[in-house]
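Note that the structure is predicted; figures quoted are calculated from it, not measured.
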Amino acid sequence: MKVYQTNEIKNIALLGSKGSGKTTLAEAMLYECGVIKRRGTIEAGNTVSDYFPVEKEYGYSVFSTIFHAEFLGKKLNVIDCPGADDFVGNAITALGVTDTGVIVVDSQYGVEVGTQNIFRTCASVKKPVIFALNQLDGEKADYENSLEQLREIFGPKITPIQYPLSCGPGFNAMIDVLLMKKYSWGPDGGVPTIEEIPAEEMERAKELHQQLVEAAAENDETLMDKFFEEGHLTEDEMRMGIRKGLIDRSIYPVFCVSALKDMGVRRMMEFLGNVVPFVDDMPAPLNTAGEPVPPCSDGPLSLFVFKTTIEPHIGEVSYFKVMSGTLTAGADLDNVSRGSKERLAQIFCVCGQIKTPVDTLHAGDIGAAVKLKDVRTGNTLDAKGCDYAFDFIKYPAPKYQRAIRPVTESDAEKLAAILTRMHEEDPTWVIKQSKELKQTLLKGQGEFHLRTLKWRVENNDKLPIVFDEPKIPYRETITKAARADYRHKKQSGGSGQFGEVHLIIEPYTEGMPEPTTYRFGNQEYVMKVRNTQEIPLDWGGKLVVCDCIVGGAIDTRFIPAIVKGLMDRMEQGPLTGSYARDVRVCIYDGKMHPVDSNEISFRLAGRNAFSEAFRNSNPKILEPVYDVDVMVPADSMGDVMSDLQGRRGIIMGMSSENGFEKISAKVPLKEMSSYSTALSSITGGRSSFTMNFAGYELVPGDVQDRLLKEYAEKAGADE
């Protein structure tokens, strides 16, 4: 295989909604480049992408697939990304290491929510975008409607490069307004017939060609001057102008293809090879020090590992981009992320599961290594003397979670190791051991995302697992002041245990004044604060303890033991065993024994006095509430709003955004358990949502009564 220089390499991400035809398009691209001799199909399970067992089982992409193609003297590295929103992490990763996004749109359905999500991701990392209107041979294909939607949502930068002469099953010809030629195909697609534009299409073609020339000229002053002088540009000048427009994101070219019939694919490949930016055309990425690192083959050698997988018959594979320098097989590198050393005995160019050994990869190229000792996704590998580090891939917050456990309890350690490995493969799988809930929580982007992990654990690792409903991290607090005292006394021969604590508790708010006087019934309690401790709680809020002991009723050395007793109950609230928060405690009196008093006695006395006072202070349960933003088609808006309100959601606002409706609501976490599945069902998979923690709010009275009853029943069953 030829060794390609940095200025001969282009890195492209293949993106789009689920079902838009990316995997089929990838097959056609590989076929047109001569990489494969026969195009596979998803139904037959023999595509270059989707080669993992779980992908063949479910019939949709789960992992991004890297492949390369040599075309027109250039090397195209393409990453085919899953379309389902559940696997958005793959698209985010791909855009981190590529330079252009090709967004595939199903012309039967036009712009979907997934299309907009992907476009926003491209915009956030400032990557050029090309649209490919696919499935123009479909029964419901509508080019004009799809193009109108693109313009309505993404604005005037949408610039058609081609338009079809007809859509639907009869699609077999289109007009290319960049080359000003007619392309047509036989029933089996493949090599087109290239002809002059028919007279009846010439007016429309010239109009679109002129718009394209103007769009290209706008991106370069020299081209603009020539355009004003001569009224036209050469083909090479147009390519240069379009390339600059792509880099500046001032032009979004639109292509027409039928990936299934291999129509228009070669022409789009020509555009990718001739026009889209090379690696060194794009702005240099920044390292963690904020310094630009240009992709220079003569620079210090640095690799960024953007993906790790365990692959059939191979084992662990690490995919990397050469950020700087020239990599040769056998290189010794430092893993600056983990402080270890690695030798890359062999390096490979990748085409799906086929790994081709190569001797050299230049800056900007993408490759792979197998069975490295200590490499994880996101690591940077540097040659001696280089101190670069990269961390430019930011993943979205999880939207769906389940508690996970092995069927056999003795397999817990084995499961933990598997989950750690799975997170390293896909960082959007987040694993958390919750001490509070006594569960292992698995978080992801949706039900399919977690179901995929379950399939892999059970089928690849042969470990049966169970998903449980995650418990909700409720909080307990109080709404009024209360007083209590408790005497702990125990005598069992020899020295015994004795400690008595009197205290007052009240709700705590930031900035409240020091306690002075309390009245309970006919008795008044005057506080003289000697010392105050503010204890920030790991789970939010504070415990504030005021030492108001006078006359030495309790020795100062026992105060820390009392505070420990208070913390015992803050960690396991008296109502439901949940964490308590935002309480101020005044310890104002008590008794001790010269022989029997000790730390354990006062810890127990403090704990029990606090429990009694807590129950008398009109306690309330708080629940986590999330800000939820839902993007929905207008025709589903009413159903989605009704569903949110049925989940105790409060609608905070509505707005229109790029052709879709946006609903903002506050919803309790308890009600969001299976929301991704329900939303998909309500809208036919045409919606998406994000959720972010907003805060804790009081649960309704009926919900609190139910929680108290459930806790009491569980406590009774455990006794």
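In this structure, the ring pair (Phe, Tyr, Trp, His ring centres under 6.0 Å) partners of Trp429, at least two apart in sequence or on a different chain, are His449. Every residue two or more places apart in sequence or in another chain was checked for a ring pair (Phe, Tyr, Trp, His ring centres under 6.0 Å) with Tyr4, and none qualifies. Residues satisfying the ring pair (Phe, Tyr, Trp, His ring centres under 6.0 Å) criterion with Phe320, sequence neighbours excluded, are absent altogether. Every side-chain contact (heavy atoms from CB on, under 4.5 Å) that Asp629 has, sequence neighbours left out, goes to Lys662, Ser664, Thr690. The side chain to side chain donor-acceptor pair (under 3.5 Å) check on Asn117 picks up Arg120, Ser688, with sequence neighbours excluded. In terms of the side-chain contact (heavy atoms from CB on, under 4.5 Å) criterion, residue partners of Pro427 (sequence neighbours excluded) are, by chain and number, Thr377, Tyr395, His423. By the ring pair (Phe, Tyr, Trp, His ring centres under 6.0 Å) test, Phe255 pairs with Phe271, sequence neighbours left out. Scored by the side-chain contact (heavy atoms from CB on, under 4.5 Å) test, Ala91 finds Leu15, Cys81, Ile118 as partners (sequence neighbours excluded). Partners of Asp188 according to the side-chain contact (heavy atoms from CB on, under 4.5 Å) rule, which considers only residues two or more places apart in sequence or in another chain, do not exist here.
With hydrogens and angles ignored, the 3.5 Å screen pairs no side-chain donor or acceptor of Lys321 with any backbone N or O of Val305. A donor-acceptor pair under 3.5 Å links the side-chain atoms of Glu8 to the main chain of Gln5, judged by distance alone.
The list of ring pair (Phe, Tyr, Trp, His ring centres under 6.0 Å) pairs with a residue in residues 128-147, not counting sequence neighbours, reads Phe131-Phe154. Annotation: ring pair (Phe, Tyr, Trp, His ring centres under 6.0 Å) contacts involving residues 182-226, sequence neighbours excluded, are absent. Sorted by first and then second residue, the salt bridge (Lys or Arg N to Asp or Glu O under 4.0 Å) pairs with a member in residues 21-39 read Glu32-Arg266; sequence neighbours excluded.
Counting only heavy atoms from C-beta outward, the side chains of Phe67 and Val35 never approach each other to under 4.5 Å.
In summary, the aromatic rings of Phe448 and Phe87 are positioned with their centroids too far apart to meet the 6.0 Å limit.
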